[in-house]
Number of protein chains: 2
Amino acid sequence: MISKTTTVNDAKQHLIDHGIRPSVQRLAIMKYLMEHRTHPTVDKIYNDLRPSMPTLSRTTVYNTLEVLVEHDAVLELSIDSHTSHYDGATAPHAHFRCRRCGAIIDVDMKDLALATPESSEFTVEHVEISYTGLCARCINDNNQDNNQDNNL
Amino acid sequence: MISKTTTVNDAKQHLIDHGIRPSVQRLAIMKYLMEHRTHPTVDKIYNDLRPSMPTLSRTTVYNTLEVLVEHDAVLELSIDSHTSHYDGATAPHAHFRCRRCGAIIDVDMKDLALATPESSEFTVEHVEISYTGLCARCINDNNQDNNQDNNL
DNA sequence: AGTTGTTTTTGAAATCATTACAAAATTACA
DNA sequence: TGTAATTTTGTAATGATTTCAAAAACAACT
Ligand SMILES: [Mn+2]
Ligand SMILES: [Mn+2]
Ligand SMILES: [Zn+2]
Ligand SMILES: [Zn+2]
């Protein structure tokens, strides 16, 4: 099982590269974010890690993510006004969020102009491009619902 | 005072145009958002309107903004992960938010390509482009702070 | 005006995400 | 080891938002 070890090492190196001391908890959370490209919330991370780390505290997840974000080791997405989502992929890309099921999908922006504005009013440090609407599954579900309503 | 009446009428028309019944409270909130281009939060709107509408309820502000957003009469910004901000300007534009003072500044996007992505995975209904960093005032304050630290 | 049904507003209580805090555990290093 | 600094933990507090049922406002009809 080289892959598992590799992820741990990658996560560890990633933390060190960003000047973050790799504690057991930080490593677990960083590894989780590198393996799961689902843009999880604090609670999703907490609940998913708990089985293998029973003593993990929700506060630690909050603390750790704050450290990771401060050091640009992960991205904090504000696409969902209800709660923060986190992204282990730090290369520039945009996101789509389904307003029905909440799923967040990566959107490549190869051609999509990434022109950061120049202004004397501010200095830009981060860019977040967010799309919202309905995902294919939810569009489909909607149609089925409508069909059911019409007794088809 | 044509201007005042004009704003009320504009707000009223705007509501009607978007299929929203213009109650006293909805009109006041819509008018507020058309006059104040500061991207206020629920609480800002609530506190600013209270003097002239003492019976206004915070819940009504929440309810009304939900209706306004649903009908695309105003924009809900998720640029601030702590709380929602609202924008009476619905023409496409981007936003900058200062991470220090929280100020939100409109960013024109005349050249900034607004290419909405095409995908079989989703249908895009809304686009939000957000920049964060430091505003000119906060950069300045920081310098002054540093100078004070250095006894200049 | 009076009656009735519908929509909207209101305030209080409940919920949910996040933050504050102080004690306990772990780690760094002399 | 011993001691200081860092990190984690659980609980309590906070703050924004939602829920909910009653009151008020409104619309349609008589
Ligand atoms: Mn992503
Ligand atoms: Mn704006
Ligand atoms: Zn969906
Ligand atoms: Zn600022």
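Naming convention: chains lettered A, B, ... in sequence-line order (proteins, then strands); numbering from 1 in each chain.
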>> Both Ser84(A) and Pro54(B) contact DNA chain C. Which one's nearest nucleotide lies toward the 5' end?
In response: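 Taking each residue's closest nucleotide, the earlier one in sequence belongs to Pro54(B).
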> Pick the nucleotide of DNA chain C nearest each of His82(A) and Thr55(B); which residue has the one closer to the 5' end?
Replying inline: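 Its nucleotide being nearer the 5' end, the pick is Thr55(B).
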Gap between atoms [atom1] and [atom2], on [X] and [N] respectively (whole Å):
X: Gln25(B); N: dT8(C); atom1: CD; atom2: P; result: 11 Å
X: Leu77(A); N: dA17(C); atom1: CG; atom2: P; result: 17 Å
X: Leu27(B); N: dA25(D); atom1: CG; atom2: P; result: 17 Å

Could you tell me whether [X] and [Y] have a side-chain N and a carboxylate O separated by less than 4.0 Å?
X: Asp48(A); Y: Lys44(A); answer: yes
X: Asp10(B); Y: Lys31(B); answer: no
X: Arg58(A); Y: Asp43(A); answer: yes

>> On DNA chain D, does the nearest nucleotide to Thr83(B) precede the nearest nucleotide to Val24(B) from the 5' side, or the other way round? Give the residue.
In response: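 Mapping each residue to its closest nucleotide by heavy atoms, the 5'-most match is Thr83(B).
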> What does Asn63(B) touch in the nucleic acid at a heavy-atom separation under 4.0 angstrom: a base, only the sugar-phosphate, or nothing?
Replying inline: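 Touches a base.
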> Is a donor on one side and an acceptor on the other found under 3.5 Å between the side chain of His14(B) and the backbone of Ala73(B)?
Replying inline: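 Looks like yes, one N/O pair under 3.5 Å.
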> Is Thr64(A) side chain donor-acceptor paired with the dT8(D) base, going by distance under 3.5 Å alone?
Replying inline: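 Answer no: no donor N or O sits under 3.5 Å from an acceptor.
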>> For dA25(D), does the base pair up with any side-chain atom of Ser23(B) as donor and acceptor (N or O, under 3.5 Å, distance only)?
In response: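 Looking at the base of dA25(D), it does not pair with any donor or acceptor on the side chain of Ser23(B) (distance under 3.5 Å).
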